[in-house]
Amino acid sequence: GAVVSQHPSWVICKSGTSVKIECRSLDFQATTMFWYRQFPKQSLMLMATSNEGSKATYEQGVEKDKFLINHASLTLSTLTVTSAHPEDSSFYICSAITGQGHQPQHFGDGTRLSIL
Amino acid sequence: DAKTTQPPSMDCAEGRAANLPCNHSTISGNEYVYWYRQIHSQGPQYIIHGLKNNETNEMASLIITEDRKSSTLILPHATLRDTAVYYCIPETSGSRLTFGEGTQLTVNP
């Protein structure tokens with residue numbers, strides 16, 4: 001149980017285009033989803049936290065107008081990288097939890113984004 | 001958030017127990033200790049968590065010192081598939097995870 005699916009698993013696109021990444025909880029309702037970014041040989045860095053039906057909370061230094069997050073349902077959150085540039089190339093990972101209290105985050109397998 | 005200190009790398013022979021230490025001397029009273037691992041090019045995987053009692057599940061055991069300033073993750077019979085980066089993360093309820101550098105565990109045949 002507690003499976004989180006990300007799509008696509010990898011994407012290559014030209015500089016200036018926008019890219020949408022989907023994160024789905026397959027067998028549970030995700031009240032909160034998290035988006036992380038990981039550069040090569042570095043650890044994961046939290047970008048934003050989103051709760052279903054409300055605006056995402058972005059970490060300091062993360063541009064909310066560049067990284068648009070939508071969490072319109074209890075099973076789907078999307079991250080859109082707008083006007084992507086080569087420096088946005090990274091490994092993007094989502095996670096999800098349900099309800100309240102102490103519980104582990106369930107992670108997707110990540111999306112590798114390469115901007116040419 | 002409490003800071004953690006983990007050795008950057010460890011080696012373990014296949015079939016032997018892997019003991020991964022973590023120092024979290026500034027942990028607060030309501031922070032649980034969570035362990036995750038990340039196999040290369042995959043998303044992190046939850047392993048185990050605890051507050052102050054030792055915990056065991058099908059993947060691992062977690063030993064937390066009485067003063068809660070450190071903990072040890074034990075993989076009782078390491079396999080090659082356990083090669084990964086292991087992260088020890090103090091976490092309050094439902095909140096953000098702050099990943100450190102973790103420990104690269106390499107299980108050797």
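These numbers come from a predicted model, not from an experiment. Proteins come first, then strands; the chains are lettered A, B, ... in the order of their sequence lines, and each starts at number 1.
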Hydrophobic cluster membership, with links at side-chain heavy-atom distances under 4.5 Å among I/L/V/M/F/W/Y: are [X] and [Y] in one?
X: B/Val33; Y: B/Leu97; result: no
X: B/Met10; Y: B/Met59; result: yes
X: A/Leu113; Y: A/Met33; result: no
X: B/Ile27; Y: B/Ile47; result: yes
X: B/Leu80; Y: B/Ile74; result: no

Per-residue contacts, residues 74-95 of chain A versus chain B, heavy atoms under 4.5 Å: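 Answer by number: A/Phe91, A/Ile93.
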Residues of residues 35-52 of chain A near chain B, each having a heavy atom less than 4.5 Å away: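 Residues A/Tyr36, A/Gln38, A/Ser43, A/Leu44, A/Leu46, A/Thr49 are the ones that qualify, each having a heavy atom under 4.5 Å from chain B.
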Counting only heavy atoms not in A/Lys66 (residues, nucleotides, ligands), do more than 12 fall under 6.0 Å from its NZ?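 Result for NZ/A/Lys66: enclosed.
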Tell me, which pairs form a ring pair (Phe, Tyr, Trp, His ring centres under 6.0 Å) where one or both residues lie in residues 23-51 of chain B, sequence neighbours left out?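 Only A/His102-B/Tyr32, A/Phe107-B/Tyr36, B/Tyr32-B/His49, B/Tyr34-B/His49, B/Tyr36-B/Tyr46, B/Tyr46-B/His49 qualify under ring pair (Phe, Tyr, Trp, His ring centres under 6.0 Å).
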To which residues is A/Leu26 joined in a hydrophobic cluster, defined by side-chain heavy-atom contacts under 4.5 Å among Ile, Leu, Val, Met, Phe, Trp and Tyr, whether direct or through other members?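 Its cluster partners, ordered by chain and number, are A/Val3.
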